[in-house]
Amino acid sequence: MAEFTDRYDAGRQLADHLASRGWPPNRSVGGSRAPEVSAGVGPSSGTTVVLGLPRGGVPVAEVVARELGAPLDVIMVRKLGVPAHPELAMGAIGEQGARVLDASIVRHFAVTEDQIAEVEQREQETLQRRGALFRAGRAPLELLGAAAVIVDDGMATGATARVACTVARQLGAVHVVLAVPVAARDTVSRIQEECVADEVVVVATPRFFRSVGEHYADFTAVEDEHVVAILQRS
């Protein structure tokens, strides 16, 4: 049985988990359920900014931002897919030149440097184009000295999440929270061990995890226009 009706239901459940941990930390929030996975503590003051990972993470982040009373923006990252299996991430790139490669996957599929460069160039062009489209000329929200809550609709390999956390830190975030409705258990463990984020908050870590979409009753693809509309009304 799916844990979530759709991304908005996932956002509500995730917001409840964040609220139960005291987010945002500069105002009192209630909640009795503790998140299944969490680590660390939030900052005692400062601005909280919610950052959605396009495209599927943005509807989830919209609900989280509304429930926490925090501003919403996107954080631009792109998965680097294995050439023979594009849906499988061998790494990811993000704004500010952030880049992560999974050496084990690159080695397993014998991906060459030229192939990596080709995929990276293509995804860099898409990243820049979509960033301009989504923000429509608006400057990114200021992260210097802020707590960044990075939200996606789920996490399989964690490649894009790692890059997103790196980008947030490079932009000056003093505390990084990675928040997702569902994730693979081993990925969560790895990210916690690597200290990629100061906190990892997850609603569900199923024993059997094959893909994010399996945990949603409705996992309809999010189009660019939907992301633009969300950011405009936020």
Side-chain angles (χ1 to χ4, degrees), residues 4-15 18 24 47-81 86-87 89 92-99 119-144 146-156 159-168 170-173 176-182 211-213 216-234:
F4 312 106
T5 304
D6 54 21
R7 289 181 176 87
Y8 290 101
D9 175 46
R12 285 188 290 271
Q13 293 192 45
L14 184 57
L18 285 161
T47 302
T48 298
V49 177
V50 175
L51 301 167
L53 279 166
R55 293 176 286 185
V58 177
V60 183
E62 179 185 23
V63 179
V64 171
R66 182 175 66 242
E67 294 297 319
L68 300 188
L72 172 68
D73 198 2
V74 289
I75 187 161
M76 297 304 302
V77 298
R78 290 291 297 174
K79 176 179 69 179
L80 300 177
E87 291 305 311
I93 57 171
E95 297 174 287
Q96 303 295 313
R99 178 180 186 261
V119 172
E120 188 169 350
Q121 180 178 353
R122 182 173 63 249
E123 296 301 339
Q124 183 67 45
E125 292 170 356
T126 302
L127 184 149
Q128 293 176 355
R129 174 171 51 81
R130 283 192 174 157
L133 172 66
F134 295 156
R135 292 197 174 108
R138 297 185 301 272
L141 291 180
E142 178 63 61
L143 295 186
L144 184 63
V149 180
I150 298 172
V151 177
D152 204 356
D153 54 9
M155 188 166 61
T160 52
R162 286 181 177 85
V163 170
C165 292
T166 299
V167 171
Q170 289 179 349
L171 292 176
V176 176
V177 181
L178 178 58
V180 296
V182 62
S211 69
V212 172
Y216 286 79
D218 179 359
F219 198 62
T220 304
V222 177
E223 301 297 334
D224 287 347
E225 293 76 12
H226 191 183
V227 174
V228 171
I230 288 172
L231 293 175
Q232 286 178 341
R233 65 177 175 252
S234 296

Closer than 3.5 angstrom, by distance alone: can the side chain of Lys79 be matched with the main-chain N or O of Glu87 as a donor-acceptor pair?
yes
Can you tell me how far apart CG (Leu141) and OG1 (Thr47) are? Round to the nearest 0.5 Å.
10.0 Å
Please examine the side chains of Ile230 and Leu72, heavy atoms only from C-beta on, and report whether any two atoms are closer than 4.5 Å.
yes
So which heavy atom on Ala10 is nearest to which on Tyr216, and how close?
CB-OH, 3.5 Å
Where is the tightest heavy-atom contact between Asp152 and Gly56, given as atom of each residue plus distance?
OD1-C, 4.3 Å
Smallest separation among heavy atoms of Glu142 and Val49, with atom names:
O-CG2, 4.1 Å
Any non-hydrogen side-chain atom of Glu225 less than 4.5 Å from a side-chain atom of Val228?
no
How long is the straight-line distance from CG of Asp6 back to CG of Asp218, given to the nearest 0.5 Å?
5.5 Å
Check whether any side-chain heavy atom of Leu171 lies under 4.5 Å from a side-chain heavy atom of Ile75, and answer yes or no.
no
Mind running side chain to side chain contact (heavy atoms under 4.5 Å, CB included) on Met76 and Gln128 for me, showing each step along the way?
CA-CA 8 Å; Met76 297 304 302; Gln128 293 176 355; over 6 Å; no
Interatomic distance, Gln124 atom CD to Glu95 atom CD [nearest 0.5 angstrom]
9.5 Å
Here the gap from Glu67 atom CD to Glu62 atom CD, rounded to the nearest 0.5 Å, amounts to 10.5 Å
Search all heavy atoms of Thr166 against all heavy atoms of Ala98 and return the closest pair with its distance.
CG2-CB, 4.0 Å
Without swapping roles, check the side chain of Arg7 against the backbone of Asp153 for a donor-acceptor pair under 3.5 Å.
no
With side chains defined as the heavy atoms from C-beta onward, is the minimum distance between Leu231 and Arg138 less than 4.5 Å?
yes
Mind running side chain to side chain contact (heavy atoms under 4.5 Å, CB included) on Val222 and Val58 for me, showing each step along the way?
CA-CA 9 Å; Val222 177; Val58 177; 5.8 Å; no
Decide yes or no for Met155 and Leu178: does some side-chain heavy atom of the first lie under 4.5 Å from some side-chain heavy atom of the second?
yes
Shortest non-hydrogen contact from Val176 to Cys165?
CG1-SG, 3.8 Å
Quick check: do Val163 and Ile93 have side-chain heavy atoms less than 4.5 Å from each other?
no
List the steps, then state whether side chain to side chain contact (heavy atoms under 4.5 Å, CB included) holds for Ile150 with Val167.
CA-CA 11 Å; Ile150 298 172; Val167 171; over 6 Å; no
Distance (rounded to the nearest 0.5 Å) between Leu14 CG and Arg12 CZ
12.0 Å
If you compare all heavy atoms of Thr5 against all heavy atoms of Asp9, which two are closest, and at what distance to 0.1 Å?
N-OD2, 2.9 Å
Would you say the side chain of His226 lies within less than 4.5 Å of the side chain of Arg55, judging by non-hydrogen atoms?
no
Check whether any side-chain heavy atom of Asp73 lies under 4.5 Å from a side-chain heavy atom of Leu143, and answer yes or no.
no
